[in-house]
Amino acid sequence: NAGVTQTPKFQVLKTGQSMTLQCAQDMNHEYMSWYRQDPGMGLRLIHYSVGAGITDQGEVPNGYNVSRSTTEDFPLRLLSAAPSQTSVYFCASSYSRVRNEQYFGPGTRLTVT
Amino acid sequence: GQQVMQIPQYQHVQEGEDFTTYCNSSTTLSNIQWYKQRPGGHPVFLIQLVKSGEVKKQKRLTFQFGEAKKNSSLHITATQTTDVGTYFCAENPAYSGAGSYQLTFGKGTKLSVIP
C-alpha cells in the first residue's frame, strides 16, 4: 500500500493564479480531509469528505474548493492564490467517523508570491 | 468549537532527560489522539485514549487521560535524539457517536533534544 500520496511536493504560485493539489489514498478509507499547517497555528481543517460525492467545509474553507468523485481521490483547488495561502498542505484519510485516526500524506509546500 | 490547549509550546531538553507535554480542555473531552511530526515530515498517529484515567505505554512513551477527561499528557522517559519533533494532541468529538467529524488539534509542543 502506498498509503496517502500528494503531488506536487513543492509549488510556487503568483498571486491570482489557480492550481490543484492532488491527493490519493489506496486504503479504501471513506473519510478524507485537507489541512493547512502554519507556524504556531497547528493543523487547521480546510475541507473534508465523508464519502464519494459528499464534501463539507472545515475551519478555514475560504479560497479553496474540493470535490470527491471517487473514494480514492480528493483534490484541493485554489481558485485565485493569495500570499495568505502560503502554507504546508496535508491531505489525510481515516477509516470511519469513530475510528478517526488520521493517516497523513507527505504534504505540499506552497508559496504564493 | 471545542478547544484543546497544549503546553508548553517549546521544550528543550538534554538527551537522557524526561519530557512531558500536556493537553488541556475546559470541557470534557470525548477522547484524545496523539500525533508526532518529525521536522520536515508529516504527522503520524501514535495512540488514542478513550477511558477516564486510561494509561497506555509505548516503549519510553506514556500516555495518560485524566480522571475527569479534561486533560491528557504524553511523557517521554530518557529522551533520545530520535524523539525530536512536534507532538500534537487532537480530540475526535465524533467518537461518542454524536458531534462533528472534525478533529480539533492542539497547536503542538516542539521538542528539541540536545545531544
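What you are looking at is a predicted structure, and each value in this text was computed from that prediction instead of being measured. Within every chain, numbering begins at 1; the chains are lettered A, B, ... in the order of the sequence lines, protein sequences first and strands thereafter.
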S.K.: Using a cut-off of under 4.5 Å for heavy-atom pairs, which of B:Gln9, B:His42, B:Gln6 has the most such pairs with chain A?
M.R.: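 Among B:Gln9, B:His42, B:Gln6, the one with the most close pairs to chain A is B:His42.
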S.K.: Say whether B:Ile7 and B:Leu74 are linked into one hydrophobic cluster, either directly or through other cluster members, by side-chain heavy-atom distances under 4.5 angstrom.
M.R.: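 B:Ile7 and B:Leu74: separate clusters.
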S.K.: Around B:Lys110, counting heavy atoms of other residues, nucleotides and ligands shown, do more than 12 lie under 6.0 Å from its NZ?
M.R.: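 Open.
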S.K.: Is A:Leu13 linked to A:Ile46 within one hydrophobic cluster, defined over Ile, Leu, Val, Met, Phe, Trp and Tyr using a side-chain heavy-atom separation of less than 4.5 Å?
M.R.: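 Per the 4.5 Å side-chain linkage, A:Leu13 and A:Ile46 are co-clustered.
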S.K.: I need the A:Tyr35 OH to B:Leu103 CG distance, nearest 0.5 Å.
M.R.: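 One finds 4.5 Å between OH of A:Tyr35 and CG of B:Leu103.
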S.K.: Taking everything shown except B:Tyr22 itself, do over 12 heavy atoms lie less than 6.0 Å from its OH?
M.R.: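 Open.
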S.K.: Would you sort out whether B:Gln48 and A:Asn100 count as a side-chain contact (heavy atoms from CB on, under 4.5 Å), showing the intermediate values?
M.R.: CA-CA 10 Å; B:Gln48 176 166 271; A:Asn100 195 15; 5.8 Å; no
S.K.: Where do B:Gly41 and A:Phe90 come nearest, in terms of heavy atoms and distance?
M.R.: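 For B:Gly41 and A:Phe90, the tightest heavy-atom pair comes out as O-CZ, 3.6 Å.
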S.K.: Examine whether an atom of A:Gln6 lies under 4.5 Å from a heavy atom of chain B, and if so say whether it belongs to the side chain, the backbone or both; otherwise answer neither.
M.R.: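 Interface part for A:Gln6: neither.
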S.K.: What's the separation between atom CD in A:Glu101 and atom CG in B:Leu46, rounded to the nearest 0.5 Å?
M.R.: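 One finds 11.5 Å between CD of A:Glu101 and CG of B:Leu46.
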S.K.: Just checking B:Met5: does its CE atom have more than 12 heavy atoms from other residues, nucleotides or ligands closer to it than 6.0 angstrom?
M.R.: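 Incorrect, the count does not exceed 12.
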S.K.: Less than 4.5 Å apart, any side-chain heavy atom of B:Phe105 and any of A:Glu59?
M.R.: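 Answer no - side chains too far apart.
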S.K.: So which part of B:Gln37 gets closer than 4.5 Å to some heavy atom of chain A, the side chain, the backbone, both or neither?
M.R.: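 The side chain, not the backbone.
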S.K.: Decide if atom CZ of B:Arg38 counts as having more than 12 heavy atoms of other residues, nucleotides or ligands within a radius under 6.0 Å.
M.R.: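 No, CZ of B:Arg38 has 12 or fewer neighbouring heavy atoms, counting only those of other groups under 6.0 Å.
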S.K.: Roughly how far, to the nearest 0.5 Å, is the CZ atom of A:Arg44 from the NZ atom of B:Lys107?
M.R.: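 Here the interatomic distance stands at 8.5 Å.
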S.K.: Would you say A:Tyr103 ends up clustered with A:Phe74 if hydrophobic residues are merged whenever their side chains have heavy atoms under 4.5 Å apart, either directly or through other cluster members?
M.R.: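 No, because A:Phe74 and A:Tyr103 fall into different hydrophobic clusters, even though each may have its own neighbours under 4.5 Å.
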